[in-house]
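Lettering of chains follows the sequences in order, A, B, ..., and the numbering in each one begins at 1.
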2 protein chains.
Amino acid sequence: MDGATLFLGNAIHASRMAICRQGAGDRLLFVDMRGNVAITIKDIARQAGVSAATVSKVLNRKDQFISEETREKIWSLARERNYTPNSIARSLVTRSSRVIGIIVPDILNAYFTELVRACDVAARERGYSTILCNSDSDPEKEAAHLTFLASHGVDGIVMAASDLIPDAGLLERLRIPLISMDREIPELDCLAARIDTDYETGAFLSASHLIGAGHKRIAFVSGNPLASNTKIRRAGYERAHREAGLPIDPDLIECGAFNHRFGLMATRTLLDRTSFSAMCCMSDMLAMGATVALRERGLGVPEDCAVMGFDNIYIAPLLVRPLSTVERRISEAGQLAVDALIDFLDDPTQPRRMVLMEPTVILRETT
Amino acid sequence: MDGATLFLGNAIHASRMAICRQGAGDRLLFVDMRGNVAITIKDIARQAGVSAATVSKVLNRKDQFISEETREKIWSLARERNYTPNSIARSLVTRSSRVIGIIVPDILNAYFTELVRACDVAARERGYSTILCNSDSDPEKEAAHLTFLASHGVDGIVMAASDLIPDAGLLERLRIPLISMDREIPELDCLAARIDTDYETGAFLSASHLIGAGHKRIAFVSGNPLASNTKIRRAGYERAHREAGLPIDPDLIECGAFNHRFGLMATRTLLDRTSFSAMCCMSDMLAMGATVALRERGLGVPEDCAVMGFDNIYIAPLLVRPLSTVERRISEAGQLAVDALIDFLDDPTQPRRMVLMEPTVILRETT
DNA sequence: CTCACGTAAGTAAACGTTTACCTAGATGGT
DNA sequence: ACCATCTAGGTAAACGTTTACTTACGTGAG
């Protein structure tokens with residue numbers, strides 16, 4: 001067949017309309033109902049005069065027993081006709097999609113933006129792609145996303161911290177290799193790794209730095225009070241006080257969420273309720289919200305009130321007053337997570353990894 | 001069959017190992033090689049004593065001619081066994097995945113974070129999911145993502161501005177319904193809609209505001225100088241000058257990228273080269289970078305140099321000096337894009353939409 | 001010459017759905 | 001009694017791959 005031939009598509013279901021459309025280069029192409037040109041392995045096979053199996057073998061480089069001639073014919077045909085494998089069909093038979101799902105509570109929180117980005121980069125490096133899901137810290141959405149990802153055949157899932165403890169029953173049932181980041185998680189067969197941050201130390205360092213600078217009344221603002229990642233941080237904050245012989249005043253504590261909106265509101269509440277000279281915010285977004293509230297009341301940072309953040313998101317040093325914060329090496333965590341997942345996929349018998357990342361304090365201008 | 005029976009899976013390929021694993025609730029479950037419990041429509045059918053077709057009809061609510069009894073049996077079985085349809089198999093036969101792809105240049109740019117979020121929300125509202133891809137403004141990555149998305153059978157794609165004009169040949173070939181946001185794009189059959197921002201007016205408003213405030217030397221910082229979305233902005237900036245009878249000094253212009261890093265570098269360069277009392281930054285990220293550079297040199301904002309942003313990302317009002325900027329209604333744009341796409345998917349014959357969003361100026365404290 | 005083996009393919013089943021079309025029984029009208 | 005129609009559901013092909021197994025044809029050794 002030469003280059004100007006009419007290529008028939010596969011025999012198609014009688015009910016499905018076929019359209020022959022004049023393509024570029026004066027060629028007739030087979031086009032399906034939605035107007036998509038469909039080049040399949042069978043088309044290549046027919047044109048090359050071989051079977052579909054042979055084409056598949058060549059294209060997947062399992063061509064040990066294929067002659068050089070056939071091999072080249074298939075490759076050049078595939079290139080010429082811009083053959084793109086149908087990943088859906090491939091996934092169906094191989095039961096592997098080379099896609100990993102990522103669930104985060106809030107992509108608008110720059111911490112998660114960075115994390116997602118890092119995961120994506122790490123995944124692509126190893127030939128995987130990612131699908132992103134936002135849970136909004138809503139258990140129902142989280143469960144729905146989990147089911148969605150399972151239904152779409154992802155090979156593994158990275159679940160990043162949210163306030164909620166995931167539905168163990170669901171996870172157990174899905175049996176999809178899972179990486180848990182910074183959250184409490186039940187013991188699960190499919191748990192490939194945990195990447196956690198030593199929040200206790202992080203909060204301790206943050207509060208200790210403030211105490212060391214002479215502050216005696218330090219507000220504490222964090223996420224959902226019921227969630228472990230808040231409780232643990234609070235423990236660090238309290239230990240810093242105990243070790244310095246300072247009392248802990250519950251009036252100084254406001255927990256709710258990690259976003260800037262809560263930071264703003266919590267700070268207003270705190271300001272109305274009591275007095276303090278420093279704030280220990282358990283996320284940078286919280287610290288940004290807090291700073292806005294402080295300014296509203298005419299309070300300067302750090303002159304009237306010092307502010308510590310947590311996470312060291314990329315925006316932190318870009319603020320007009322670069323934010324002092326607790327560094328978490330977000331990208332490294334994301335990369336670690338995805339690498340652990342893919343390693344587990346490659347060899348599920350290997351030991352589960354448990355990583356505890358140690359945070360450090362970065363002093364900039366808000367303290 | 002009662003609840004404690006051994007459920008055999010489908011007859012499986014002889015070579016594929018089957019493992020019978022003791023599940024929760026003292027039940028033996030059929031488990032595949034990767035350890036995943038596989039409940040298929042056939043399992044439900046066998047248990048209900050009907051054909052797979054009947055199960056499919058019921059579960060898809062095409063059950064006009066199915067008895068109430070059968071229907072209930074199938075539903076309760078499906079619920080009880082936590083049947084989750086295999087979207088991959090479904091997509092293969094229906095040729096529709098109810099997934100849309102989103103390509104952005106840089107998810108770390110808060111503008112795109114918000115856009116992606118809005119698209120995701122809009123898509124989910126209409127029963128679609130999204131897959132996110134980062135192009136890093138790299139034509140090769142963009143092409144690779146396009147191919148990836150096509151290969152994964154997305155129903156449509158939202159492509160957000162990057163500096164590059166997309167590969168028309170590739171797009172033409174893929175024939176996937178496309179929404180183009182804020183970028184030059186060739187006339188394409190599959191172009192479902194364009195959602196653009198009136199950059200010319202936006203930049204004009206930004207510069208005019210600064211001129212109105214008495215500034216005479218206003219720096220202009222924007223993205224890739226070859227890209228239309230920079231050229232058009234520059235035209236607006238220049239028009240504002242012309243209309244005010246002000247000269248345009250090329251020394252005041254630095255174009256490269258829209259991220260904060262370039263904002264920082266460009267401002268340093270400008271500061272070394274010439275003098276000015278205001279900056280017209282064509283993205284908020286650029287403005288944030290510019291502010292940092294200004295501070296470095298001991299210049300206060302807005303006392304020594306006024307700064308205008310562009311986009312009104314959610315962080316803009318959270319800065320210690322809330323940023324004056326040009327508002328773009330990011331979420332609305334995202335929603336518009338996805339709605340246009342899905343409407344097109346529902347009815348491809350409808351007229352293509354062309355939306356030009358009008359920006360407005362928001363004055364805060366940096367000017 | 002036979003047999004074993006290596007090479008270059010081809011065959012067909014399988015993945016889990018959806019769906020056009022078929023069937024068989026029941027009902028009802030003439 | 002016969003035919004048409006409705007109801008409830010079954011059959012089998014199709015989607016585009018991958019892959020275990022088979023085949024057919026050398027070729028060299030014994």
Dump the pairs, protein N or O against N or O of nucleotides 23-28 of chain C, anything under 3.5 Å, distances to one decimal.
none

- Message: Applying salt bridge (charged side-chain N to carboxylate O under 4.0 Å, His left out), can you list everything that pairs with A:R194, at least two apart in sequence or on another chain?
- Response: A:D196
- Please list, chain by chain and in numerical order, all residues satisfying side chain to side chain contact (heavy atoms under 4.5 Å, CB included) with A:R90, sequence neighbours excluded. A:N60, A:P85, A:T94
- Item | Proximal nucleotide (of D:dA12, C:dG16, D:dG16) relative to the B:T40 side chain | C:dG16
- Output yes when at least one side-chain N/O atom of B:R90 is less than 4.0 Å from OP1 or OP2 of C:dT18, else no. yes
- Note on the structure: B:F148 meets the ring-ring contact (aromatic ring centres under 6.0 Å, His included) criterion, sequence neighbours left out, with B:H152
- Message: Below the 4.0 Å mark, does D:dG16 have OP1 or OP2 next to a side-chain nitrogen or oxygen of A:Y83?
- Response: no
- May I have the distance from B:I41 (atom CD1) to C:dT17 (atom P), rounded to whole angstrom? 5 Å
- Can you name the ring-ring contact (aromatic ring centres under 6.0 Å, His included) partners of A:Y83, sequence neighbours left out? none
- Test side chain to side chain contact (heavy atoms under 4.5 Å, CB included) applied to A:A193 - qualifying residues, sequence neighbours left out: A:I179, A:A340, A:R353
- Rounding to a whole Å, what distance do you find between B:E72:CD and D:dG9:P? 13 Å
- Can you tell which of C:dT17, D:dG10, D:dT18 lies closest to the side chain of A:T94? D:dT18
- Item | Which nucleotide in C:dG10, D:dT18, D:dG9 has an atom nearest any side-chain atom of A:S51 | C:dG10
- May I have the distance from A:D43 (atom CG) to D:dG16 (atom P), rounded to whole angstrom? 9 Å
- Taking only heavy atoms on the protein side, list every residue of residues 57-67 of chain B lying under 4.0 Å from any atom of DNA chain C, sorted numerically. B:N60, B:K62
- Query: Who pairs with A:D347 by salt bridge (charged side-chain N to carboxylate O under 4.0 Å, His left out), at least two apart in sequence or on another chain?
  - Reply: none
- Message: Tell me the interatomic distance from A:I39, atom CD1, to D:dG16, atom P, rounded to whole angstroms.
- Response: 11 Å
- Query: By side chain to side chain contact (heavy atoms under 4.5 Å, CB included), which residues pair with B:S91, not counting sequence neighbours?
  - Reply: A:I88, B:S97
- Message: Can a donor-acceptor pair be found, under 3.5 Å and without considering hydrogens, that links the side chain of A:R81 to the backbone of A:I44?
- Response: no
- Message: Rounded to whole Å, how long is the line connecting atom CG of A:L92 with atom C1' of C:dC15?
- Response: 4 Å
- Task: Would you mind reading off the distance between B:E69 atom CD and D:dT7 atom P, rounded to a whole angstrom?
- Result: 18 Å
- What pairs meet the salt bridge (Lys or Arg N to Asp or Glu O under 4.0 Å) rule with one or both residues in residues 141-151 of chain B, with sequence neighbours excluded? B:D136-B:K141, B:E142-B:R183
- Angle of first-five versus last-five pair axes in the helix from C:dC1-D:dG30 to C:dT30-D:dA1, to 10 degrees: 70°
- B:T54 side chain: which of C:dT19, D:dG10, C:dT17 is closest? D:dG10
- Query: Nearest 0.5 Å, what's the CD1-CG distance between A:I157 and A:L341?
  - Reply: 9.0 Å
- So what does A:S91 touch, heavy atoms closer than 4.0 Å: a base, only the sugar-phosphate, or nothing? nothing
- Message: What is the distance, to the nearest angstrom, from the CD1 atom on A:I88 to the C1' atom on D:dT17?
- Response: 12 Å
- Task: Could you tell me which residues satisfy side chain to side chain contact (heavy atoms under 4.5 Å, CB included) with B:A89, sequence neighbours excluded, listed by chain and number?
- Result: A:L92, B:N86
- Task: Indicate whether OP1 or OP2 belonging to D:dG16 is found under 4.0 Å from a side-chain N or O atom of B:R95.
- Result: yes
- Of the nucleotides D:dT17, D:dT18, C:dT18, which has the atom closest to the A:S56 side chain? D:dT18
- Walk me through it: do B:R126 and B:D343 pass the test salt bridge (charged side-chain N to carboxylate O under 4.0 Å, His left out)? CA-CA 10 Å; B:R126 300 191 58 176; B:D343 287 344; 2.9 Å; yes
- Task: Quickly work out the A:R46 CZ to D:dT17 P distance and round it to whole Å.
- Result: 12 Å
